[in-house]
Amino acid sequence: MNTALQGLTRPLPKLLPGLMLSAAVAGLSIWLGTLPWMQAHGISALTLAIVIGIAIGNTAYGTLAPRAAAGVGFSKATLLRAGIILYGLRLTLQDIGQVGVSGVVIDALVLSSTFALAWWLGTRVLGLDRNSALLIGAGSSICGAAAVMATEPVVKGRAEQVAVAVATVVVFGTLAMFLYPLLYQWGVSAGWMPLDETAFGVFTGSTVHEVAQVVAAGRAVSAPAADAAVITKMVRVMMLAPFLVGLSMLLARGGNAAKGERSTITIPWFAFGFIAMVAFNSLQLLPTQVVALLVELDTVLLAMAMAALGLTTHVSALRQAGAKPMLLALLLFIWLLGGGMVINLAVRAVL
């Protein structure tokens, strides 16, 4: 029986304390995320949820764990999958048309090259365990914390590995949010910037980690840059589902080939739910107000999952991870900045 079905069979009274705790942290995070300072600095509710969760998890949660563990586990697994599925309501197939063929190709090349580089650098050069390298790679190459959380069931990562990967997204995504507008202004004033505002928006959307960070960076350049950045980022997010399916197949083939066994694939069914939700949303059958309400619900579910992750993450485990995860994330950030620019320019020259 899979994790989601196991969660659904647990009695509600057993789940309620942990669900209430996760919901309380999520509610606080969502409220803090609406504050102007937080929005101006691209700090999302998901980031706040894991930070607050870690703070509580390493202080008061010890006394609450016996009663709350079941509900927290349900939030971290089942609600996460539901949140990823509902995330599809933020996207439509029409988004692809808005960025054109070049935008889709740029996103695909940035995603695949960044993830491959993370896998190779992390495991072969830096000596990180495979799961940590893959989770950091997913966060850097697709859509930040949401991608890390969605990849965890496929690679079967531990809570501390996920938390470290999310931390790298926070650090370097925030750095990108401030650096990209400065880079554009400096390039324009120095006369070497090869991209106009819209093209720079595509570059931003194809290389910056979190959606909130992309919005903040794009707005700091101009409205056209922000529009192009968000659309490009949404197309990049849409690639999450095929990425998860492909990764599952790749891990099954690699792991079982080494053992001389037949390949068995861990199918991330929620990824197909995500695709179905995108397709359904593209039909525009639901009223705008209903879609907005469901998107808000999705934010709550994902924030509860992040809060639960934080509650079960121990600082000692984060310290044991050392500097290598941050070094890997730094190298990926440099690639996204330099290699991402090369990919953008090359694809535009060809298409």
Side-chain angles (χ1 to χ4, degrees), residues 47 50-51 54 57-58 76 109-176 179 207-210 239-240 243-261 263-266 268 306 309-310 312-340 342-343:
T47 299
I50 191 172
V51 171
I54 290 175
N58 287 272
K76 191 168 61 173
L109 289 176
V110 169
L111 190 162
S112 56
S113 62
T114 304
F115 187 76
L117 187 62
W119 197 333
W120 180 74
L121 281 176
T123 58
R124 298 294 182 86
V125 179
L126 297 178
L128 282 170
D129 63 274
R130 187 193 68 180
N131 286 353
S132 293
L134 297 187
L135 290 170
I136 293 170
S140 296
S141 62
I142 309 174
C143 54
V148 173
M149 295 290 287
T151 305
E152 181 272 330
V154 176
V155 304
K156 299 178 176 63
R158 300 190 305 273
E160 59 270 18
Q161 293 172 327
V162 177
V164 168
V166 171
T168 65
V169 169
V170 173
V171 171
F172 291 102
T174 302
L175 177 60
L179 180 61
T207 55
V208 175
H209 302 63
E210 289 269 11
M239 295 177 178
L240 176 62
F243 163 81
L244 293 176
V245 175
L247 178 61
S248 178
M249 296 173 64
L250 192 60
L251 293 179
R253 185 178 65 180
N256 290 307
K259 300 176 184 178
E261 302 173 356
S263 296
T264 57
I265 301 172
T266 302
M306 293 295 273
L309 170 65
T312 54
T313 300
H314 300 289
V315 173
S316 58
L318 299 180
R319 285 199 298 266
Q320 290 174 6
K324 288 183 178 180
M326 283 296 174
L327 178 57
L328 173 59
L330 172 61
L331 294 174
L332 295 179
F333 175 71
I334 293 172
W335 165 252
L336 286 168
L337 195 60
V342 170
I343 289 173

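Just so you know, these numbers use all the heavy atoms, side chains as well, and skip hydrogens, waters and symmetry mates. In this text, all values refer to a predicted model and were calculated from it rather than measured experimentally. One-based numbering along the sequence shown.
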Given the options Leu121, Val125, Leu336, Leu331 meets side chain to side chain contact (heavy atoms under 4.5 Å, CB included) only with Leu121
Looking only at heavy atoms, the pair that brings Val169 and Ala145 closest together is CG1-N, 3.9 Å
Next item on the list: For the pair Thr168 (side chain) and Ala165 (backbone), establish whether a donor and an acceptor sit closer than 3.5 Å, ignoring hydrogens and angles.
Entry: yes
Strictly distance-based, threshold 3.5 Å: is any side-chain N or O of Ser140 a donor or acceptor partner for the main-chain N or O of Gly137?
no
d(Ile343 CD1, Thr114 OG1) to nearest 0.5 Å is 6.5 Å
| said: Please evaluate residues Val162 and Met149 with respect to the criterion side chain to side chain contact (heavy atoms under 4.5 Å, CB included), reporting the C-alpha separation (whole Å), side-chain torsions for both, the decisive distance (0.1 Å), and the verdict. | reply: CA-CA 7 Å; Val162 177; Met149 295 290 287; 3.7 Å; yes
One should read off an interatomic distance between Ser132 OG and Glu160 CD, to the nearest 0.5 angstrom, of 8.5 Å
Checklist entry - Tell me, do Gln161 and Val155 make a side-chain contact under 4.5 Å, heavy atoms counted? => result no
Taken to the nearest 0.5 Å, the spacing of Phe333 CZ from Thr207 OG1 works out to 8.5 Å
Assess the residue pair Leu247 and Trp119 against the criterion (side chain to side chain contact (heavy atoms under 4.5 Å, CB included)); give the C-alpha distance rounded to whole Å, side-chain angles, the decisive distance to 0.1 Å, and a yes or no.
CA-CA 12 Å; Leu247 178 61; Trp119 197 333; 4.2 Å; yes
Here the gap from Leu328 atom CG to Leu135 atom CG, rounded to the nearest 0.5 Å, amounts to 11.0 Å
CZ of Phe172 to CG of Leu179, rounded to nearest 0.5 Å, is 12.0 Å
Nearest heavy-atom contact between Ala159 and Lys76 is CB-NZ, 4.3 Å
In terms of heavy-atom contacts, Phe115 and Leu134 come closest through CE1-O, 3.4 Å
Query - Expected output: side-chain Lys324 to main-chain Leu128 donor-acceptor under 3.5 Å - result: no
Value for OG1 (Thr313) from CE (Met306), rounded to nearest 0.5 Å, stands at 9.5 Å
**Prompt:** Would Arg130 and Leu251 count as a side chain to side chain contact (heavy atoms under 4.5 Å, CB included) if you check the C-alpha gap in whole Å, the side-chain angles of each, and the deciding distance to 0.1 Å?
**Reply:** CA-CA 10 Å; Arg130 187 193 68 180; Leu251 293 179; 3.5 Å; yes
Nearest heavy-atom approach of Thr123 to Ala133 is CG2-CB, 4.1 Å
Note: Gly322 and Pro325 closest approach over all heavy atoms is O-CD, 3.5 Å
Of all heavy-atom pairs linking Leu309 and Ala163, the shortest is CD2-N, 4.4 Å
